[in-house]
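Here's the structure we're looking at; comments come further down.
Heavy atoms only: backbone and side chains are in, while hydrogens, waters and symmetry mates are out. Order of the sequence lines fixes the chain letters, A, B, ..., with proteins taken first and strands second; residue numbering starts at 1 for each chain.
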Number of protein chains: 2
Amino acid sequence: MTRKGLLTTQRKVIYEIVKQAKDHPTAADIMERLKQGGYSFAYGTVYNSLRYLTEAGMIRELQLEGDASRYDGHVEDHQHVICRLCGKVDEVYTVVPTDWVATVANETGYDIEMEHVVFKGVCPQCQNATKDTNL
Amino acid sequence: MTRKGLLTTQRKVIYEIVKQAKDHPTAADIMERLKQGGYSFAYGTVYNSLRYLTEAGMIRELQLEGDASRYDGHVEDHQHVICRLCGKVDEVYTVVPTDWVATVANETGYDIEMEHVVFKGVCPQCQNATKDTNL
DNA sequence: TTTCTTGCAAAACATTTGCAAATCG
DNA sequence: CGATTTGCAAATGTTTTGCAAGAAA
């Protein structure tokens, strides 16, 4: 798992932030939390560290919609669901049906190695909030 | 479908390029094909047109991995598969299992409205090309 | 010392925006 | 005319890169 280099202070701190975050932060979010925690790392270092941690398999990079990549401390195989209203991103641990993937492989001829699924909808909180309004 | 404004020459030409493309071109790709076709639209106009066409439901914007958005002339509901080796993007028309989506909705509490699925693997051509090598 | 990492600034991209000129109805 | 759209350039936001200084093996 550890190829080259090691966990420097910066990388360790950034790893902890991502690991403990419940909201899939962007690099900018992480910068902000670093400042709040009394750290002041260079932007380049944050990106460097995030790439390192991603390549080491310690975190996952999510490229959902929007400009900035988000980072996820959960490395187990899982998918994501985004709330159309508040933008929240939650984890989905329901496993992708293997027979469906097999069908896709058959129909496309691809040797399929992984799937990234993003569901979109309305989260429970926003469902409540908009119960009487007409969205 | 048509809210405001109409199909100007630029939008029509760009629409035709996306519609006929077989490779999900980026804005830069489209710029290049415009030049090859003898047109010279401003970058801003290309983005403006792509947004217009997307909002009019005439094309789809894909945010796969990498920096640049890709555009797809197929607006029917479908998914995508990317070749890990050559980067090709193909269409997947195998329908997402509804009972799986229902399970995800149950487990997450979300009201799920749509799914974006990206499969990753190796396309038939690259499978052949690497048959004897050890990738 | 030799290699990797940080910090900082500049560069590289993709995309958006502001505004004057052109076009359409 | 009045509204929209184009073209161009400048601005924005994200991510990468170059390089000198610093830290680690």
Side-chain angles (χ1 to χ4, degrees), chain A residues 1-18 21 23-35 37-56 58-72 82 87 89, chain B residues 1-18 21 23-35 37-56 58-72 82 87 89:
Chain A
M1 202 120 305
T2 320
R3 287 202 166 277
K4 274 199 167 186
L6 258 204
L7 271 187
T8 63
T9 306
Q10 289 78 341
R11 291 173 181 174
K12 223 174 287 184
V13 172
I14 291 171
Y15 174 65
E16 287 306 324
I17 288 179
V18 174
D23 61 341
H24 309 81
T26 64
D29 293 333
I30 292 167
M31 272 308 266
E32 195 176 311
R33 291 171 205 190
L34 283 169
K35 284 201 183 84
Y39 300 96
S40 63
F41 302 161
Y43 242 106
T45 301
V46 171
Y47 277 106
N48 173 340
S49 301
L50 289 170
R51 189 175 355 152
Y52 171 86
L53 295 168
T54 302
E55 284 171 1
M58 299 174 66
I59 63 176
R60 271 179 61 182
E61 179 183 7
L62 303 183
Q63 298 198 276
L64 306 175
E65 54 200 10
D67 327 324
S69 282
R70 292 164 164 276
Y71 295 88
D72 189 340
I82 308 181
V89 178
Chain B
M1 202 120 302
T2 320
R3 287 200 167 278
K4 273 199 168 186
L6 257 203
L7 271 186
T8 62
T9 306
Q10 287 82 339
R11 292 175 179 172
K12 222 174 289 183
V13 172
I14 291 171
Y15 174 67
E16 286 306 323
I17 287 179
V18 174
D23 62 343
H24 309 82
T26 63
D29 293 332
I30 293 167
M31 272 308 267
E32 196 176 312
R33 291 171 205 189
L34 283 169
K35 284 201 184 84
Y39 300 96
S40 64
F41 302 161
Y43 244 104
T45 300
V46 171
Y47 278 105
N48 174 339
S49 301
L50 288 170
R51 188 174 357 152
Y52 172 86
L53 294 168
T54 302
E55 285 171 1
M58 298 175 66
I59 64 176
R60 272 179 61 182
E61 180 182 6
L62 302 183
Q63 297 199 274
L64 306 175
E65 55 200 9
D67 327 324
S69 282
R70 292 166 165 275
Y71 295 88
D72 189 341
I82 307 182
V89 179

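Summarising the geometry, atom OH belonging to A/Y15 is positioned 14.0 Å from atom OG1 belonging to A/T8; distances are rounded to the nearest 0.5 Å.
At least one side-chain heavy atom of A/Y71 sits under 4.5 Å from a side-chain heavy atom of A/T54. Side-chain contact between B/L50 and B/E61 is absent, with no heavy-atom pair separated by less than 4.5 Å. Two residues are said to be in side-chain contact when any heavy atoms from C-beta on lie closer than 4.5 Å; A/R11 and A/N48 meet this criterion. Counting heavy atoms from C-beta on, the side chains of A/M58 and A/L7 come closer than 4.5 Å.
Atoms CD (B/E55) and C1' (C/dT16) sit 13 Å apart, rounded to a whole Å. Atom pair B/E65:CD and D/dT15:P shows a separation of 14 Å (rounding to whole Å applied). The nearest whole Å value for the distance from the CZ atom in B/F41 to the C1' atom in C/dT23 is 14 Å. In this structure, CG of B/L34 is placed 14 Å from C1' of D/dT6, rounded to the nearest angstrom. Taking atom CE of residue B/M31 and atom P of nucleotide C/dT15, one finds them 13 Å apart after rounding to whole Å. B/I30 has its CD1 atom 13 Å from the C1' atom of C/dT15, to the nearest Å. Rounding to whole angstrom units, CG of residue B/L62 and C1' of C/dA14 are separated by 16 Å. Counting to the nearest Å, the P atom of D/dA3 and the CG atom of B/L6 are 17 Å from each other.
Residue A/R11 has a polar side-chain atom (N or O) positioned under 4.0 Å from OP1 or OP2 of C/dT6. Look at B/Q10 and you won't find any side-chain N or O under 4.0 angstrom from OP1 or OP2 of C/dT23. Note on B/Y47: a side-chain N or O is less than 4.0 Å away from OP1 or OP2 of C/dT15.
At the heavy-atom level, A/T8 lies under 4.0 Å from the strands shown only through sugar-phosphate atoms. Within the 4.0 angstrom heavy-atom criterion, only backbone atoms of the sugar-phosphate kind lie near A/S69; the bases stay farther away.
Between A/R51 and B/S40, the residue anchored closer to the 5' end of DNA chain D is B/S40, taking for each the nucleotide with the nearest heavy atom. Comparing A/N48 and B/A68 against DNA chain C, the residue whose closest nucleotide sits nearer the 5' end is A/N48. Between B/D67 and B/T9, the residue anchored closer to the 5' end of DNA chain C is B/D67, taking for each the nucleotide with the nearest heavy atom.
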